[in-house]
Structure formats: C-alpha cells, structure tokens
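Only this structure's heavy atoms are used, side chains among them; waters, hydrogens and symmetry mates stay out. These numbers were taken from a predicted model, which means no experiment stands behind them.
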Amino acid sequence: MAGWLVPVNAASIFFLGTPVGLWTAISAGLVGVSNTWLALRLGGLSRALAFPHLVVWIPLCIVIAARLTGPDAGSIGRTEYIYGVVVLTTNILSIGFDLVDAYRWIAGERSVPGQGSAGPA
C-alpha cells in the first residue's frame, strides 16, 4: 500500500494552488513527521504507525469529501477534482488497513520487524 499511498499524497506538491492539494500536503507532512519520529522511537516499523494515519487521514478525507460534494463543488477545476478523488480513495483504503493494524496493536501485536517479539512497543 505504501508504494501507492506515499506517491499519491506526495504529489500534492503539484497541487498546492488548490485546497485539496494544500490540505493533502499539510496532512502528508504531519504523517511523515509523526511516523518518522515514531519509527525512530520504536526502532523500526510497527503497527503503532497506524495511529497517526487515523488521526490525520480521517479528517483529511472528511474535508476532501466536503470539498468535492459541497456547495462549491461546481467551481472545482477538473484536475483538482480528479486528484481529490484519487487522494480520497487512496486514503480511505489506507484507513481500512490502519484500523486493522490499530486493532491488532491494541490487542497486543506490538512486535517490530527485525527486533523479534521482544522489541519496544
């Protein structure tokens, strides 16, 4: 999923002149910083990385959905609209995976690949 998720959200740099692009860029930056910090703190990638995604992607998806369907939807340019649909679809799928990972982390699956089962959680 990351092979698609990261490029789609990083492409926001090409859409900074639009609300969808700006909101996506800010959100991607927040997720990037928080997940980098978390991965460094945990010593690798963990299911705990789902939590920053949920905290950031859910509001982003709500805002983009409102932009694409709200009263100003008719004034949205075709490029912003298509990019918004791609970001929304991508991040909704990511949220689905993140909900599973968050549940599994809460349920006790806190291993970090490469650290065995005794890694920090």
Contacts of Asp98 that satisfy salt bridge (charged side-chain N to carboxylate O under 4.0 Å, His left out) - sequence neighbours left out: none
Side chain to side chain contact (heavy atoms under 4.5 Å, CB included) evaluation trace for Leu99 with Tyr103: CA-CA 6 Å; Leu99 286 169; Tyr103 173 81; over 6 Å; no
Between Phe51 and Val33, is there shared hydrophobic-cluster membership here, with clusters defined by ILVMFWY side-chain heavy atoms closer than 4.5 Å? no
My understanding is that only one of Leu68, Ile82, Asn9, Leu5 makes a side-chain contact (heavy atoms from CB on, under 4.5 Å) with Val87; could you say which? Asn9
Which atom pairs, donor and acceptor, lie under 3.5 Å between side-chain atoms of residues 55-62 and protein residues at least two apart or in another chain?
none

Please give me the minimum heavy-atom distance between Tyr83 and Ser12, naming the atom from each residue. OH-N, 3.0 Å
Residues two or more places apart in sequence or in another chain: which of them pass side-chain contact (heavy atoms from CB on, under 4.5 Å) with Val100? Arg104
Considering only heavy atoms from C-beta outward, does the side chain of Leu38 approach that of Pro52 to under 4.5 Å? yes
Run the side-chain donor-acceptor check on residues 13-24: report pairs under 3.5 Å with partners two or more places apart or on a different chain.
residue: Thr18; atom: OG1; partner: Phe15; partner atom: O; Å: 2.8
residue: Thr18; atom: OG1; partner: Gly21; partner atom: N; Å: 3.0
residue: Thr24; atom: OG1; partner: Val20; partner atom: O; Å: 2.7

Closest approach of Leu42 to Ala48 (non-hydrogen atoms, all atoms of both residues): CD1-CB, 4.0 Å
Would you name the heavy atoms of Leu49 and Ala39 that are closest together and state the gap between them? CD2-N, 4.1 Å
Mark yes or no for whether Tyr81, through its side chain, and Ala73, through its backbone, hold a donor-acceptor pair below 3.5 Å. no
Among residues two or more places apart or on two chains, list those pairs meeting salt bridge (Lys or Arg N to Asp or Glu O under 4.0 Å) that have a residue in residues 52-75. Arg67-Glu80
Closest heavy-atom pair and its distance - Ala102, Ala50: N-CB, 3.9 Å
side-chain hydrogen bond (donor to acceptor under 3.5 Å, both in side chains): pairs with one or both residues in residues 27-38, sequence neighbours excluded: Asn35-His53
